[in-house]
Structures are given as structure tokens and as C-alpha cells.
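Note that these values count all heavy atoms, side chains included, but never hydrogens, waters or copies made by symmetry. What you see is a predicted model; the values in this text were computed from it and never measured.
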Amino acid sequence: MAKYSFDTKFSVLMKDPEVMKIVDDLCPDLLNHPMKNMAVAMGFTPNMAMVVLSKMYSKEKIEEFKKRLAEIE
């Protein structure tokens, strides 16, 4: 069973080096986004931030991230 999904809080995801490797590979600019700290502090999940993420990244890139995230056990 997958350890993480797009319903996992950013604060949890950011603590895992495997997740951060995916971020580095697919969307390194996400770590410098001006709303990152607020999203983490407010307990956001990727699904909650999908409005912003879908404007930043293609559907294919988001699906690739979901796929790779789900592969972490």
C-alpha cells in the first residue's frame, strides 16, 4: 500500500527524502513558491493546492508526480 498520496499534508511529505527527490526531479521551483510556507503551516495537501499546482504544471507532470508518490512504500 502506498505510504503517501495527494491527500498527505505538505508538512509530512517534505520530511521524506524520497518525496523531496521527486520534487527535485519534477518541480524544483515549487520549493521557492511564495505560498509554500503558508501552505505548510495551514496543513494543506497537494489536492488542496491543486488550483495553484494545475496552473504551474501540466496535467502529465502532475500525474507523473502522483504515480511516483504512490510508489513509495
Side-chain angles (χ1 to χ4, degrees):
M1 183 170 167
K3 185 175 181 179
Y4 303 119
S5 73
F6 265 35
D7 290 318
T8 305
K9 292 180 180 183
F10 283 121
S11 59
V12 173
L13 295 172
M14 291 178 64
K15 292 178 184 175
D16 189 314
E18 287 185 79
V19 175
M20 297 312 294
K21 171 77 171 112
I22 298 169
V23 171
D24 284 341
D25 288 347
L26 296 177
C27 47
D29 54 324
L30 189 60
L31 296 176
N32 296 319
H33 194 279
M35 295 179 69
K36 179 194 82 167
N37 292 337
M38 181 195 73
V40 171
M42 294 182 71
F44 276 36
T45 67
N47 276 332
M48 294 168 75
M50 195 53 67
V51 171
V52 173
L53 295 175
S54 64
K55 290 179 182 179
M56 293 175 65
Y57 304 105
S58 68
K59 182 178 178 179
E60 293 79 18
K61 190 168 273 196
I62 291 170
E63 289 304 315
E64 177 66 16
F65 196 109
K66 283 183 183 182
K67 177 182 164 277
R68 290 177 61 182
L69 189 65
E71 292 171 351
I72 298 174
E73 296 182 359

Do you know which two heavy atoms are closest between Met56 and Asp29, and how far apart they sit? CE-OD2, 4.1 Å
Do Lys61 side-chain atoms and Leu26 backbone N/O form a donor-acceptor pair below 3.5 Å? yes
Hydrophobic cluster membership, Leu31 vs Met38, 4.5 Å side-chain cutoff: yes
Closest approach of Ala70 to Ala2 (non-hydrogen atoms, all atoms of both residues): O-CB, 3.2 Å
Report the residue from Thr8, Asp24, Ile72 that forms a side-chain contact (heavy atoms from CB on, under 4.5 Å) with Val19. Ile72
Here the gap from Asn47 atom CG to Asp7 atom CG, rounded to the nearest 0.5 Å, amounts to 4.5 Å
At their closest point, which heavy atom of Leu53 faces which heavy atom of Ile62, and how far apart are they? O-CD1, 3.9 Å
Kindly confirm or rule out a cation-pi arrangement of Lys36 over Phe10, judged by NZ or CZ under 6.0 Å from the six-membered ring centre and within 45° of its axis? no
Check whether any side-chain heavy atom of Pro46 sits under 4.5 Å from a side-chain heavy atom of Leu13, and report yes or no. yes
Met42 CE: over 12 foreign heavy atoms closer than 6.0 Å: no
Shortest non-hydrogen contact from Val40 to Ser11? CG1-CB, 3.8 Å
Could you check whether atom NZ of Lys9 has more than 12 heavy atoms from other residues, nucleotides or ligands sitting under 6.0 Å from it? no
Can you tell me if Met50 has over 12 outside heavy atoms packed within less than 6.0 Å of its CE? yes
I'd like to know whether Val23 forms a side-chain contact (heavy atoms from CB on, under 4.5 Å) with Met14, so could you lay out the CA-CA distance, the side-chain angles of the two residues, the decisive distance to 0.1 Å, and finally the verdict. CA-CA 9 Å; Val23 171; Met14 291 178 64; over 6 Å; no
Ionic contact status for Glu63 with Lys67, cut-off 4.0 Å: no
State which residues pass side chain to side chain donor-acceptor pair (under 3.5 Å) with Asp16; sequence neighbours excluded, sorted by chain then number. Tyr4
Would you compute the distance between atom SG of Cys27 and atom NE2 of His33 and round it to the nearest 0.5 angstrom? 11.5 Å
